[in-house]
Novice: 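Handing you this structure, nothing more for now.
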Amino acid sequence: MQQERPIGLKVAVGCSIALGVTFVGFAAVSAAAGHGIFSVQIGILLAAYGLILIGAGIGLWRRHLWARGPVVAFALMAGFGFGEYLLEQPWLWLLVPICLGAVVGVAMPSTTKALRERGSEAGEPLKKR
């Protein structure tokens, strides 16, 4: 029987999907920048980045343990990337808490427990540490 999703899991899902949508928006802006093929290539990479975050967020919502890794890795990379430009682009401060929310939400013990419980319900082998 599935229990209600803990708040940390909900925060991680919301933040990872919000970041993903943000990167898809960045992709559209980049592709439309008018710098030729370079802008399109960067747009494709940003879109892939965003779609991976959205997919991992959906995986978290479905309580798949594998989704933790992509959310943590991509949110940390995004947070550090935004951090490099905070002096030139102060509005990026709005995105830093979203990155932190994704990482902290995934790392919470209640989230870990919920993801592991789903794995045991689905018959997936769990490694004991």
Novice: Any chain of hydrophobic side-chain contacts (each under 4.5 Å) joining Val106 to Ile54?
Specialist: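 Yes, Val106 and Ile54 fall within the same hydrophobic cluster.
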
Novice: What are the two closest non-hydrogen atoms of Ser30 and Leu46, and how far apart are they?
Specialist: CB-CD1, 4.2 Å

Novice: Could you check whether any side-chain heavy atom of Leu9 comes within less than 4.5 Å of a side-chain heavy atom of Leu115, counting everything from C-beta outward?
Specialist: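 Yes. Closest side-chain heavy atoms under 4.5 Å.
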
Novice: First locate atom CD of Gln41, then atom NE2 of His35, and finally report the distance between them rounded to the nearest 0.5 Å.
Specialist: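 Result: 13.5 Å between the selected atoms.
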
Novice: Rounded to the nearest 0.5 Å, what separation is found between the CG atom of Leu45 and the CZ atom of Phe26?
Specialist: 15.0 Å

Novice: Tell me if a side-chain donor or acceptor on Tyr49 pairs with a main-chain N or O of Ala27 at a distance below 3.5 Å.
Specialist: no

Novice: Should Tyr85 and Ile42 be counted in the same cluster of Ile, Leu, Val, Met, Phe, Trp and Tyr side chains packed under 4.5 Å apart?
Specialist: yes

Novice: Identify the two heavy atoms, one from Ala102 and one from Ala12, that lie closest to each other, and give their separation to 0.1 Å.
Specialist: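 Heavy atoms only, the tightest pair is O-CB, 3.8 Å.
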
Novice: So, the side chain of Thr111 versus the backbone of Ala107: is there a donor-acceptor pair under 3.5 Å, distance only?
Specialist: no

Novice: For a quick test of reading the model, state the closest non-hydrogen atom pair linking Leu60 to Ala67 and the distance between them.
Specialist: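 What the structure gives for the nearest pair is N-CB, 3.5 Å.
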
Novice: Suppose we screen for side-chain hydrogen bond (donor to acceptor under 3.5 Å, both in side chains). Which residues come up paired with Thr112, at least two apart in sequence or across chains?
Specialist: Arg68

Novice: Write down the atom of Val24, the atom of Ala47, and the distance for their closest heavy-atom approach.
Specialist: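 For Val24 and Ala47, the tightest heavy-atom pair comes out as CG2-O, 4.3 Å.
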
Novice: Are Val71 and Leu19 connected, step by step, through hydrophobic side chains (Ile, Leu, Val, Met, Phe, Trp, Tyr) whose heavy atoms are closer than 4.5 Å?
Specialist: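 No, Val71 and Leu19 fall in different hydrophobic clusters.
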
Novice: If you define the side chain from C-beta out and look only at heavy atoms, does anything of Pro97 sit under 4.5 Å from Leu100?
Specialist: no

Novice: Give, for atom CD1 of Ile7 and atom CE of Met108, the distance between the pair rounded to the nearest 0.5 Å.
Specialist: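 Atom-to-atom, Ile7:CD1 and Met108:CE are 8.5 Å apart.
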
Novice: Output the distance between atom CZ (Phe82) and atom CH2 (Trp91), rounded to the nearest 0.5 Å.
Specialist: 7.0 Å

Novice: Check the hydrophobic clustering (I, L, V, M, F, W, Y; side-chain heavy atoms under 4.5 Å; chains of links allowed) and say if Leu76 and Phe74 are grouped together.
Specialist: no

Novice: Using 0.5 Å steps for rounding, measure from the OG1 atom of Thr22 to the CG atom of Leu92.
Specialist: 10.5 Å

Novice: Starting from Ile52, can I reach Phe80 by hopping between I/L/V/M/F/W/Y residues whose side chains sit under 4.5 Å apart?
Specialist: no

Novice: Has Trp66 got more than 12 heavy atoms of other residues, nucleotides or ligands less than 6.0 Å from its CH2?
Specialist: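 Yes, the 6.0 Å shell around CH2 holds more than 12 heavy atoms from other groups.
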
Novice: So, for Arg5 and Trp61, which heavy atoms are closest and what is the spacing to 0.1 Å?
Specialist: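 Reported closest heavy-atom pair: NE-O, 2.7 Å.
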
Novice: At their closest point, which heavy atom of Leu53 faces which heavy atom of Ser16, and how far apart are they?
Specialist: CB-O, 3.7 Å

Novice: Calculate, to the nearest 0.5 Å, the distance between atoms NZ and SG belonging to Lys10 and Cys15 respectively.
Specialist: 14.0 Å

